[in-house]
Amino acid sequence: MAAILVVDDNESVREGVATALHRSGHQVSIAADGPSGLAAWQAASPPFDVVITDLKMTPMDGMALLDAIHAEDPEAVVLFITGHGTVPAAVSAMREGAFDFLEKPFSAELLRARVEKALEVSRGRAQTARLARENEHLRAKAAPPSDNGVGRLIGDSAPMQRLRDLIVRVARTDSSVLVLGESGTGKELVASAIHAESPRAAGPFVTVNCGALADSLLESELFGHEKGAFTDAHSRRLGLFEMAHGGTLLLDEIGDVSPALQVRLLRVLQEGTFQRLGGERPIRVDVRVVAATHRDLEHEVGEGRFREDLFYRLNVVPLEVPPLRERPEDVALLAEHFLDRLRARTRSQVEGFTTEAMERLKAWPWKGNVRELENCVEHCLVFADGKRVDLGDLPAPIAGMDPGESMPVPSLDIPLNDALEQLERRLIMRAWERAGGVKTETARLLGIKPSALYYKLDKYGLGDRGPAGPGDDDSG
Ligand SMILES: Nc1ncnc2c1ncn2[C@@H]1O[C@H](COP(=O)(O)OP(=O)(O)OP(=O)(O)O)[C@@H](O)[C@H]1O
Ligand SMILES: [Mg+2]
């Protein structure tokens with residue numbers, strides 16, 4: 001006796017298959033669509049031995065269900081039921097890892113024969129998987145996290161540990177992953193970790209920001225074009241899908257893609273092939289797709305701005321990157337990490353944070369998340385005088401002071417303009433020092449254009465000598 005799940009939106013097919021298998025002594029569960037089938041599969045304990053699913057269903061078709069199941073258990077045995085004339089689709093499904101397919105109409109005997117064959121394989125796989133799991137358990141204990149993979153994701157909080165575990169697990173599969181999270185939480189870093197932890201690590205990791213490009217440009221970026229496809233197409237150009245062959249393609253800001261392009265993306269994901277603009281030949285590539293967005297994509301679907309079928313295709317495995325304010329225990333680790341990294345780059349002498357400064361950092365709500373914290377640490381390095389970053393070196397709003405208070409105030413017996421110039425000169429020299437004398441970097445640290453910096457260097461007679469000129473007292 002085996003446990004079998006039957007998923008079909010056609011009631012008579014569903015019931016017919018279930019009855020036939022029940023009569024051969026199997027324990028059969030049924031579901032009327034993809035999402036409830038997936039839910040039943042995930043809830044089952046012990047797991048189902050075999051899944052039989054219709055290929056054509058909405059909103060989640062059999063392929064999406066297969067992907068979702070394989071994301072959690074690549075060894076799961078899935079059989080497709082296909083309508084008459086959809087054999088090509090079934091063949092491509094087999095290429096994607098389906099075990100077998102049954103073309104309608106089929107007899108009860110044929111069904112039982114195919115299921116028995118599937119069960120044999122399923123039992124064999126279950127045994128191998130158990131052995132592999134035991135081995136892996138031992139290996140995982142010995143192997144340190146990889147350097148460009150999840151090891152780059154700093155944070156010891158429970159949500160971060162969970163995220164790293166999920167990344168490692170999902171990296172082993174080829175399923176589409178949707179990375180969700182507020183701006184600056186580390187979505188791109190997560191996507192690159194998925195790639196680096198995957199068997200595709202040696203292949204390319206290609207990123208495209210879908211929100212930054214106009215529709216027509218994005219289309220030719222993604223799919224490439226043949227010579228003469230449009231006025232400016234002087235030569236053939238490979239698209240990003242082709243460049244990512246053997247690797248991973250990150251579709252960043254997927255929530256910003258237009259309805260027209262959503263249709264094209266869906267087709268590529270369903271069929272695994274596409275054509276260059278102006279081209280006729282279908283091109284097949286082997287690409288793992290990761291999408292990311294700061295939008296609430298389910299809400300966008302509800303509002304009719306994002307296609308539901310594309311959403312299910314991309315959302316096979318959702319990964320949520322938690323905002324920094326929900327894991328304040330990570331702030332200290334991240335701040336130290338950024339300080340170390342920046343110190344090496346700017347040759348700064350600052351070694352850490354005072355307790356008071358660190359307390360403020362932990363208490364701050366971090367609306368801009370990890371990126372905001374990174375910028376904040378950079379600010380601190382520009383302003384810190386001593387060995388440790390102190391309250392006064394934090395950006396004014398975080399330090400909880402008026403901007404005037406966070407800097408030493410010159411005495412009142414010099415005119416205001418002179419006092420401002422003194423301060424400006426000192427800040428320029430300090431930034432210059434942190435930037436190791438690189439002018440563009442100095443300008444960046446000060447948040448001004450290089451041309452403005454040249455003007456000021458001239459004005460203060462610093463010229464090419466930088467801050468080392470006579471009489472430069474930067475002791476504060
Ligand atoms: N857990 C982390 N450990 C170390 N660095 C991190 C972590 N999370 C984010 N960062 C760093 O923070 C910055 C922002 O991360 P990233 O660009 O991945 O965020 P994002 O969510 O894609 O942002 P956006 O929504 O603005 O595109 C990067 O410099 C990244 O290296
Ligand atoms: Mg990003």
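Between the side chain of E197 and the backbone N or O of V150 there is at least one donor-acceptor pair closer than 3.5 Å. The main-chain N or O of G392 is never found under 3.5 Å from a side-chain atom of D390 such that the two would form a donor-acceptor pair. At least one donor-acceptor pair closer than 3.5 Å links the side chain of Q262 to the backbone N or O of R305. Under the 3.5 Å distance criterion, the side-chain polar atoms of H245 are matched with a main-chain donor or acceptor of D286. Judged by distance alone, the side chain of Q349 and the main-chain N or O of K387 form no donor-acceptor pair under 3.5 Å. Under a 3.5 Å cut-off, the side chain of D61 and the backbone N or O of A64 do form a donor-acceptor pair. The closest donor-acceptor contact from the side chain of R164 to the backbone of G155 lies under 3.5 Å.
Rounding to the nearest 0.5 Å places CG of L240 at 9.5 Å from CZ of F223. If you take CD on E320 and OG1 on T185, they are separated by 9.5 Å, rounding to the nearest 0.5 Å. Rounded to the nearest 0.5 Å, atoms CG (D49) and OG (S122) are 4.5 Å apart. A distance of 4.5 Å separates NE2 in H195 from OG1 in T248, rounded to the nearest 0.5 Å. A distance of 7.5 Å separates CG in L314 from CG in L265, rounded to the nearest 0.5 Å. The distance from the CD atom of E329 to the CG atom of L333 is 9.5 Å, given to the nearest 0.5 Å.
The closest side-chain heavy-atom distance from M358 to T354 is not below 4.5 Å. Using a 4.5 Å heavy-atom cutoff, the side chains of E378 and R444 are in contact. Here the side chains of D8 and I52 are not in contact, with every heavy-atom distance at 4.5 Å or above. Two residues are said to be in side-chain contact when any heavy atoms from C-beta on lie closer than 4.5 Å; R360 and L391 meet this criterion. Residues V301 and F306 meet the side-chain proximity criterion, which asks for heavy atoms closer than 4.5 Å. Contact of the C376 side chain with the W366 side chain is registered, since non-hydrogen atoms from C-beta on lie closer than 4.5 Å. When side chains are defined from C-beta on, W364 does not count as touching P328, because their heavy atoms never get closer than 4.5 Å. For the pair D296/E300, no side-chain contact is recorded, criterion being any heavy-atom separation below 4.5 Å from C-beta on.
Judged as a salt bridge (charged side-chain N to carboxylate O under 4.0 Å, His left out), and not counting sequence neighbours, the contacts of E221 are R237. Considering only residues two or more places apart in sequence or on other chains, F311 meets the ring-ring contact (aromatic ring centres under 6.0 Å, His included) condition with none of them. For H337, there are no ring-ring contact (aromatic ring centres under 6.0 Å, His included) partners, not counting sequence neighbours. Residues passing the salt bridge (charged side-chain N to carboxylate O under 4.0 Å, His left out) test with D340 are R343, sequence neighbours excluded. With sequence neighbours left out, the salt bridge (charged side-chain N to carboxylate O under 4.0 Å, His left out) criterion links E336 to no other residue. For D330, the side-chain hydrogen bond (donor to acceptor under 3.5 Å, both in side chains) test picks out S157, R327, with sequence neighbours left out. Judged as a ring-ring contact (aromatic ring centres under 6.0 Å, His included), and not counting sequence neighbours, the contacts of H379 are F383. Under the ring-ring contact (aromatic ring centres under 6.0 Å, His included) criterion, F353 pairs with no residue at all, not counting sequence neighbours.
A salt bridge does not link R371 with E374: none of the charged nitrogens is closer than 4.0 Å to a carboxylate oxygen. Taking 4.0 Å as the cut-off between side-chain N and carboxylate O, R295 and D256 count as a salt-bridged pair. Classification of E424 and K456 as a salt-bridged pair holds, one side-chain N sitting under 4.0 Å from a carboxylate O. Using a 4.0 Å cut-off between charged nitrogen and carboxylate oxygen, R200 and D174 count as a salt-bridge pair.
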- Message: The test is side chain to side chain contact (heavy atoms under 4.5 Å, CB included); show your working for L381 and T346 and say whether it passes.
- Response: CA-CA 9 Å; L381 275 192; T346 60; 4.2 Å; yes
- Tell me, with the steps shown, if L65 and F80 meet side chain to side chain contact (heavy atoms under 4.5 Å, CB included). CA-CA 11 Å; L65 179 62; F80 278 126; over 6 Å; no
- Step by step, would you call I283 with Q275 a side chain to side chain contact (heavy atoms under 4.5 Å, CB included)? CA-CA 6 Å; I283 297 168; Q275 285 151 2; over 6 Å; no
May I have the list of side-chain donor-acceptor pairs in residues 207-219 shorter than 3.5 Å, sequence neighbours left out?
{"unit_1": "N209", "atom_1": "OD1", "unit_2": "G211", "atom_2": "N", "d": "3.0"}
{"unit_1": "N209", "atom_1": "OD1", "unit_2": "A212", "atom_2": "N", "d": "3.4"}
{"unit_1": "D215", "atom_1": "OD1", "unit_2": "S258", "atom_2": "OG", "d": "2.8"}
{"unit_1": "D215", "atom_1": "OD2", "unit_2": "S258", "atom_2": "OG", "d": "2.9"}
{"unit_1": "E219", "atom_1": "OE2", "unit_2": "R264", "atom_2": "NH1", "d": "2.9"}

Please tabulate, one pair per line, all N/O donor-acceptor pairs under 3.5 Å involving side-chain atoms of residues 176-184, not counting sequence neighbours.
{"unit_1": "S176", "atom_1": "OG", "unit_2": "R313", "atom_2": "O", "d": "3.4"}
{"unit_1": "E182", "atom_1": "OE1", "unit_2": "R325", "atom_2": "NH1", "d": "3.2"}
{"unit_1": "E182", "atom_1": "OE1", "unit_2": "R325", "atom_2": "NH2", "d": "3.4"}
{"unit_1": "E182", "atom_1": "OE1", "unit_2": "N369", "atom_2": "ND2", "d": "3.1"}
{"unit_1": "E182", "atom_1": "OE2", "unit_2": "R325", "atom_2": "NH2", "d": "2.4"}

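Summarising the local packing, CD of Q42 is surrounded by more than 12 heavy atoms from other residues, nucleotides or ligands at distances under 6.0 Å. More than 12 heavy-atom neighbours from other residues, nucleotides or ligands sit within 6.0 angstrom of CD on E356. By the neighbour-count criterion of 12 heavy atoms within 6.0 Å, atom CZ of R284 is densely surrounded, having more than that number from other residues, nucleotides or ligands.
Sequence neighbours left out, the pairs with a member in residues 238-248 that pass salt bridge (charged side-chain N to carboxylate O under 4.0 Å, His left out) are E242-R276. Evaluation of the ring-ring contact (aromatic ring centres under 6.0 Å, His included) test over residues 34-56, restricted to residues two or more places apart or in two chains, returns none.
Side-chain N/O atoms of S175 and D67 include no donor and acceptor closer than 3.5 Å.
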